[in-house]
2 protein chains.
Amino acid sequence: MRRYEQNPIIRPADVPPSAPGMEVIGAFNAAATRFGDEILLLLRVAERPVPSGPDTVCFPVADEVDGQPVLRRVELRRDDPDVDASDPRAVVYKGRTYLSSISHLRLARSKDGFHFTIDPQPTLLPSGPYERYGIEDPRITKIGDTYWIAYTSVSDFGITASLASTQDFRSFTRHGVILHPENKDVALFPGKTKHGYALLHRPYTRSLGSTPDIWLAYSPDMVHFGNHRHVAGVRPGSWESIRIGAGTPPVLTEKGWLELYHGADDKAYCLGLLLLDTDEPHIVRGRSREPVMRPEAPYEKAGFYGNVVFTCGWVVEEDGRVLIYYGVSDEATAVAETTIDELLAQVEPV
Amino acid sequence: MRRYEQNPIIRPADVPPSAPGMEVIGAFNAAATRFGDEILLLLRVAERPVPSGPDTVCFPVADEVDGQPVLRRVELRRDDPDVDASDPRAVVYKGRTYLSSISHLRLARSKDGFHFTIDPQPTLLPSGPYERYGIEDPRITKIGDTYWIAYTSVSDFGITASLASTQDFRSFTRHGVILHPENKDVALFPGKTKHGYALLHRPYTRSLGSTPDIWLAYSPDMVHFGNHRHVAGVRPGSWESIRIGAGTPPVLTEKGWLELYHGADDKAYCLGLLLLDTDEPHIVRGRSREPVMRPEAPYEKAGFYGNVVFTCGWVVEEDGRVLIYYGVSDEATAVAETTIDELLAQVEPV
């Protein structure tokens, strides 16, 4: 896996904020797809409102103006008795907690896969009650002419998985919450299996010794899911001892569905590989023992939240060449190059 | 709401254990349905294996023999260094925790709704990896000729909602896990809505200030679910301040879908009413302010876990008469009688 020498390819400073008074602090965890003669990234763009002076604090909220979603900036005096800003990650106002930053999704376009032009405006803004604290970590899956965008919705109802679709990346249809809280890291398969369409997901579970593992669900129509199966778990004592979750949408190879996922211990987020059965992808056929990528480059080891490599998308060309797009340090976007054969060689049978 | 004077109508001692060496400690939280000229209850039957002497401890496991589910009894010496039995609710063996009791589902049959004959054998046993610690709290919903049984599956993968169906209560089809962990208190609507079939569910969520509330999901086919909506939340400072969850399958009245649910604070589980929009039942039209039933009778206030009234089923006759079956003190089954009109009178518009 060869890191591009000019990484990171997109930094927060490259992204214009969605509105005056907002500052972009993250442009990372991007979905990726080929669209015509371009490679598109759908970036997670995290913003925070900038206070106008030292006596005030700000927080963002997702709102609506004339029926259209907007991000709104709320500014309050620090000495307001209803305000508690002692934790920099959040503002407590009238007993309610507001996160200090919020994410939307933004397209970036490239002819070569390395040099991107970022859209000046948000592509998808948080909308409605389940997205009040933002939308995050999209994954794009193409089926026929439709691009399905699974993403994480965050609100005071919890963390859910939502779905949107488009054919042209201009108009989007929202399909609502597809998996109830707590769930994230949702990646749809780009084709049917023996049991219908499928997606990987990551319930956040802790009861009875359960751990945050990768599950799979099947669907007749891409928007309703059932037949949930546990796919792969954390491995105690390893680099993936605390949590794992789907990364890229799986790609079908001659050996099965290949999935690049993330795993974390208490030090770092790394990437690993799963090989899933072609017909019944809830069955694991292979797994990489060691990470196929660890945080090593300076931009992977330091940043907003260091020691994180995290992928939401890859572009697999017909000749087997793979461009892996990945978020670094919860801040910027990087790319690495490899091939399906090189990846399959790192998978051990299970 | 008139409690039957001979409550509880079913006690653990009335239920034969599933195998020698097992003791029934709970017969409660029953689904209810009319089936021909009978009323059927599908009881949650909790059992624990009885140790053969003071030097041993036991735990149950769900297993398979010749492809058929069975409950197995594991007995170990207390002085085995691999055994930790210091917590009476569980046995830790070789670092793994096993619950000290396990539930299956068992039919009871009645002509009058008050006097029941209990089947000598289990009707549905825990089966497969998601039911290793038992199956609990069923709800039966009839659509056409099919009776759908939604229930809670418990395993070290967490707590999930599963589905089975039958037409004759002799042979059952299992439809697997319909909602990923953590989820329970699932009740299917007995008919279609504007958005298809529907079910109430209760994700166990805690992130970002979220609480264990009642949600709804829609389905084209009763087995795949999407379009999740938050329906009703806990109410701080009230009798339902900590958690709420669906109880009975909703029944369609002239004013909307009527739902009898449970709510808990730190002292008791009580029952309340929701009135949901006929076409779009994720919209709440009414709610009871005070509980419609609190633990008051001795059998409701004391038992395996006292101060609990908890319903999974009612039988609503065509003349509006309602028999509410409810679990008392996580131990036995009771019944109360009322009418749809009496229940609707306790609902306040919201």
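Below, each value reflects all heavy atoms present in this structure, side chains not excepted, and no hydrogens, waters or symmetry copies. Here is how names work: the chains are called A, B, and so on, in the same order as the sequence lines, proteins then strands, and each is numbered from 1.
- Both the backbone and the side chain of B:Thr205 come within less than 4.5 Å of a heavy atom of chain A.
- Using a 4.5 Å cut-off between heavy atoms, B:Ile178 contacts chain A through its backbone alone, with no side-chain atom that close.
- Using a 4.5 Å cut-off between heavy atoms, B:Arg229 touches chain A through backbone and side chain atoms alike.
- Between chain A and the options B:Gly233, B:Pro220, B:Gly209, B:Ser219, heavy-atom pairs under 4.5 Å are most frequent for B:Pro220.
- With hydrogens and angles ignored, the 3.5 Å screen pairs a side-chain donor or acceptor of A:Arg139 with a backbone N or O of A:Gly247.
- A:Arg202 and A:Glu182 are not joined by a salt bridge, as no carboxylate oxygen comes within less than 4.0 angstrom of a charged side-chain nitrogen.
- Within the 3.5 Å criterion, the main-chain N or O of B:Pro236 finds no donor-acceptor partner in the side chain of B:Ser241.
- B:His262 places a side-chain N or O within 3.5 Å of a backbone atom of B:Gly245 that can act as its donor or acceptor partner.
- Only the backbone of B:Ser155 comes within contact range of chain A, with at least one heavy atom under 4.5 Å from a heavy atom of that chain.
- Note on A:Asn227, A:Thr97, A:Ile159, A:Leu179: by heavy-atom pairs under 4.5 Å with chain B, the leading option is A:Leu179.
- Proximity to chain A is absent for every atom of B:Leu163, based on heavy atoms less than 4.5 angstrom apart.
- Interface remark: of the candidates A:Ser162, A:Pro129, A:Pro181, A:Pro181 forms the most heavy-atom pairs closer than 4.5 Å to chain B.
- Evaluated for a side-chain contact (heavy atoms from CB on, under 4.5 Å) with A:Tyr151, the options A:Glu131, A:Lys184, A:Glu136 yield exactly one hit, A:Glu131.
- A salt bridge does not link B:Lys194 to B:Asp279: none of the charged nitrogens lies less than 4.0 Å from a carboxylate oxygen.
- Chain A forms the most heavy-atom pairs under 4.5 Å with one residue out of B:Asn183, B:Thr160, B:Val223, and that residue is B:Asn183.
- With respect to B:Asp213 and B:Arg243, no salt bridge is recorded, no charged nitrogen being found less than 4.0 Å from a carboxylate O.
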